Undergrad: 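Here's a structure for you.
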Amino acid sequence: METKIFKPDEVEAAAKLLRQGELVAFPTETVYGLGADATNEQAASNVYAAKGRPSDNPLIVTVSSIEMVERYAQPLSDKVKQLMAQFWPGSLTIVLPLKPGTLSKTVTGGLDTAAFRMPQNQVTLKLIATAGIPIVGPSANTSGKPSPTLAKHVYHDLNGKIAGIVDDGPTKVGVESTIIDMSVDVPTILRPGAVTVAELEQVIGDVKADHHHVGANEIPKAPGMKYKHYAPSAQVEIVDQTADFAAAMQWAAQQDETIGVMATDDVLAQLSVPQNVETYSLGQDIQSATHLLFAGLRHFDLESEVKVIFTEGFANTGLGAAYMNRLDKSAGGMHFTK
């Protein structure tokens, strides 16, 4: 199969492929997603196969309107409507109870709930509306690898495995959406993202914010709760304190292989960088670091052979919760120690 690259003004051709049951990657403001007709069980199954994704890892259902959600979900509560009014289109995914028999267990991971999202990308909203169907939308990468923030990242992982990629340039946010479970008594964050707990609580009140993992025998309600994610070929190590980078550079200088460093400009400016160390700027602050995290991991995966990637850690609050959630998973919990 030849994977075709579509320009933003070619969404009608891409939509036709989706209606035919083909897989087409699409842009969002967070990361690129891998689209397939959410009402076509075989198409949804093909997404798991293309990504190498475990079958109990549910797929997000991506929509172009609230009316599209209402075809499949139980009647929306007032709090759900408030969230949609405030954050849609945008970087919030909402887990909702389904009407019986409306979506395949292949899409839901065997559950009676599904996660819905309306992204803030006009090209993709037009793509879905033109296709006339909701599309599944996991990140368009090989399962476990860093999520794609450019069309070329998708092409690297999935060329020959999917029919097309709609290229709308780099994503703006850089990490996946916040996922909130509204099928339970107390709204619960299943995955932190660009929409913070504080922003959610301003709209709907108390939110439980610490349920990001499930056990080995549990079925997750949302992606990213069970399996290793976002990992490049090199070992990522989190550097928790700026002062610890000096010791990391001393260790790197003693290695025969190339070592990578990802940090903000202020941190990089303070370092004495050995010749065998390659740096990647995360910009000025947590916002730019979140935007550039996956791009940096992809850079070292695709364009440079490194043994270890030392990566700057941030406080686990606000947007930092989303950044550290992804970084901790990419590192497999590994922190640099002096």
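Values below: every heavy atom of this structure, side chains too, minus hydrogens, waters and symmetry copies. None of the values given here were measured: they were computed from a predicted structure.
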Undergrad: State, to 0.1 Å, how close A131 and A15 come at their nearest heavy-atom pair, and which atoms those are.
TA: N-CB, 3.8 Å
Undergrad: Is there a side-chain contact between Q284 and D265 (heavy atoms, below 4.5 Å)?
TA: yes
Undergrad: Under a 3.5 Å distance rule, please check whether K51 uses its side chain to pair with a backbone N or O of N141 as donor and acceptor.
TA: yes
Undergrad: Could you tell me if the side chain of L125 sits less than 4.5 Å from the side chain of Q120, heavy atoms only?
TA: no
Undergrad: If every non-hydrogen atom of G193 is compared with every non-hydrogen atom of L319, which pair is closest and at what distance?
TA: O-CD1, 4.1 Å
Undergrad: Have a look at M262 and tell me which of L327, L297, T279 forms a side-chain contact (heavy atoms from CB on, under 4.5 Å) with it.
TA: L297
Undergrad: Is there a continuous path of hydrophobic side-chain contacts, each under 4.5 Å between heavy atoms, that joins L92 to V203?
TA: yes
Undergrad: Is there a path from I5 to L23 through hydrophobic residues (I, L, V, M, F, W, Y) whose side chains come within less than 4.5 Å of each other?
TA: yes
Undergrad: Specify the closest pair of heavy atoms between P232 and I309, including all atoms of both residues, with the distance to one decimal.
TA: CG-CD1, 4.0 Å
Undergrad: Taking only residues two or more places apart in sequence, or in another chain, which ones meet E303 in a salt bridge (Lys or Arg N to Asp or Glu O under 4.0 Å)?
TA: K152
Undergrad: Keeping N276 on the side-chain end and D256 on the backbone end, is there a donor-acceptor pair under 3.5 Å?
TA: no
Undergrad: Quick one: sort the F314 and Y323 rings into parallel, tilted or perpendicular, breaks at 30° and 60°.
TA: perpendicular
Undergrad: Is Q74 reaching over with its side chain to a backbone N or O of L98, donor-acceptor style, under 3.5 angstrom?
TA: yes
Undergrad: Do other residues, nucleotides or ligands put more than 12 heavy atoms under 6.0 Å from the CD atom of Q241?
TA: no
Undergrad: For T102, give me all partners under side-chain hydrogen bond (donor to acceptor under 3.5 Å, both in side chains), at least two apart in sequence or on another chain.
TA: none
Undergrad: Indicate, with yes or no, if M334 and F294 share a hydrophobic cluster defined by side-chain heavy-atom contacts under 4.5 Å among Ile, Leu, Val, Met, Phe, Trp and Tyr.
TA: no
Undergrad: Between F6 and V11, is any pair of side-chain heavy atoms under 4.5 Å apart?
TA: no
Undergrad: Step through the shown structure and confirm whether more than 12 heavy atoms of other residues, nucleotides or ligands are within 6.0 Å of CG on D9.
TA: yes
Undergrad: For residues G21 and A43, report the shortest heavy-atom separation together with the two atoms involved.
TA: O-CB, 3.7 Å
Undergrad: Look only at the side chain of T188 and the backbone of V186, and say whether a donor-acceptor pair between them is shorter than 3.5 Å.
TA: yes
Undergrad: What do the steps show when you test F87 against I94 for side chain to side chain contact (heavy atoms under 4.5 Å, CB included), and what is the final call?
TA: CA-CA 10 Å; F87 298 110; I94 305 174; over 6 Å; no
Undergrad: Going by side chain to side chain contact (heavy atoms under 4.5 Å, CB included), name the residues that satisfy it together with Q254, two or more places apart in sequence or in a different chain.
TA: none
Undergrad: Is any side-chain heavy atom of F300 less than 4.5 Å from a side-chain heavy atom of E278?
TA: yes
Undergrad: How does the hydrophobic cluster around F336 look, that is, which other residues are in it when side-chain heavy atoms under 4.5 Å mark a link?
TA: V239, F245, M249, W251, I259, V261, V267, L268, L271, V273, V277, V308, F310
Undergrad: Run the side chain to side chain contact (heavy atoms under 4.5 Å, CB included) test on T106 and Y48 for me, step by step, so that the C-alpha distance in whole Å, both residues' side-chain angles and the decisive distance to 0.1 Å come before the verdict.
TA: CA-CA 9 Å; T106 302; Y48 287 97; 3.7 Å; yes
Undergrad: Which residues satisfy the salt bridge (Lys or Arg N to Asp or Glu O under 4.0 Å) test with D168, sequence neighbours excluded?
TA: none
Undergrad: With sequence neighbours left out, write down each residue that passes salt bridge (Lys or Arg N to Asp or Glu O under 4.0 Å) with K81, or none if nothing qualifies.
TA: none
Undergrad: Given 3.5 Å as the limit, does a donor-acceptor pair link the side chain of Q235 with the main chain of A331, or not?
TA: yes
Undergrad: So does E70 have more than 12 non-hydrogen atoms from other groups sitting under 6.0 Å from CD?
TA: yes
Undergrad: So, the side chain of H291 versus the backbone of T171: is there a donor-acceptor pair under 3.5 Å, distance only?
TA: yes
Undergrad: Quick one, L18 with D37, criterion side chain to side chain contact (heavy atoms under 4.5 Å, CB included). Give me CA distance, side-chain angles, the key distance, then yes/no.
TA: CA-CA 6 Å; L18 288 169; D37 182 354; 5.7 Å; no
Undergrad: Above 12 or not: heavy atoms from other molecules or residues under 6.0 Å from CD of E201?
TA: yes
Undergrad: Tell me yes or no: between the side chains of Q42 and N46, is some donor less than 3.5 Å from an acceptor?
TA: yes
Undergrad: Could you point out which residue of V195, T30, V197 forms a side-chain contact (heavy atoms from CB on, under 4.5 Å) with T178?
TA: V195
Undergrad: Hey, is the main chain of S288 close enough, under 3.5 Å, to the side chain of D285 for a donor-acceptor pair?
TA: yes
Undergrad: Drop me the distance from I179's CD1 to T93's OG1, to the nearest 0.5 angstrom.
TA: 5.0 Å
Undergrad: Within the 4.5 Å heavy-atom criterion, are M182 and P97 side-chain neighbours or not?
TA: no
Undergrad: State, with a plain yes or no, whether a side-chain heavy atom of L302 is found less than 4.5 Å away from one of H153.
TA: yes
Undergrad: Counting heavy atoms not belonging to E305, are there more than 12 under 6.0 Å from its CD?
TA: no
Undergrad: Under the salt bridge (Lys or Arg N to Asp or Glu O under 4.0 Å) rule, what do D301 and K145 come out as? Steps first, then yes or no, please.
TA: CA-CA 9 Å; D301 230 12; K145 286 295 185 182; 3.7 Å; yes
Undergrad: Got a sec: does the CD of E29 have more than 12 other heavy atoms crowding it under 6.0 Å?
TA: yes
Undergrad: Under a 4.5 Å side-chain heavy-atom rule over Ile, Leu, Val, Met, Phe, Trp and Tyr, are L150 and V123 clustered together?
TA: no
Undergrad: Quick one about S147 and E176 (side-chain donor to acceptor, distance below 3.5 Å, no hydrogens or angles considered), yes or no?
TA: yes
Undergrad: Do other residues, nucleotides or ligands put more than 12 heavy atoms under 6.0 Å from K99 NZ?
TA: yes
Undergrad: On a heavy-atom basis, which atom in P274 and which in A253 lie closest, and how many Å separate them?
TA: CG-CB, 3.8 Å
Undergrad: Does any non-hydrogen side-chain atom of M118 lie less than 4.5 Å from one of I66?
TA: yes
Undergrad: State, with a plain yes or no, whether a side-chain heavy atom of L200 is found less than 4.5 Å away from one of I189.
TA: yes
Undergrad: Without swapping roles, check the side chain of R191 against the backbone of S177 for a donor-acceptor pair under 3.5 Å.
TA: yes
Undergrad: To the nearest 0.5 Å, what is the distance between CD on E41 and CG on L103?
TA: 11.0 Å
Undergrad: Looking at V154 and A25, what are the two nearest heavy atoms and their distance?
TA: CG1-CB, 3.7 Å
Undergrad: Would you give the length of the straight line joining atom CD1 of I238 to atom CD of E312, rounded to the nearest 0.5 angstrom?
TA: 11.5 Å
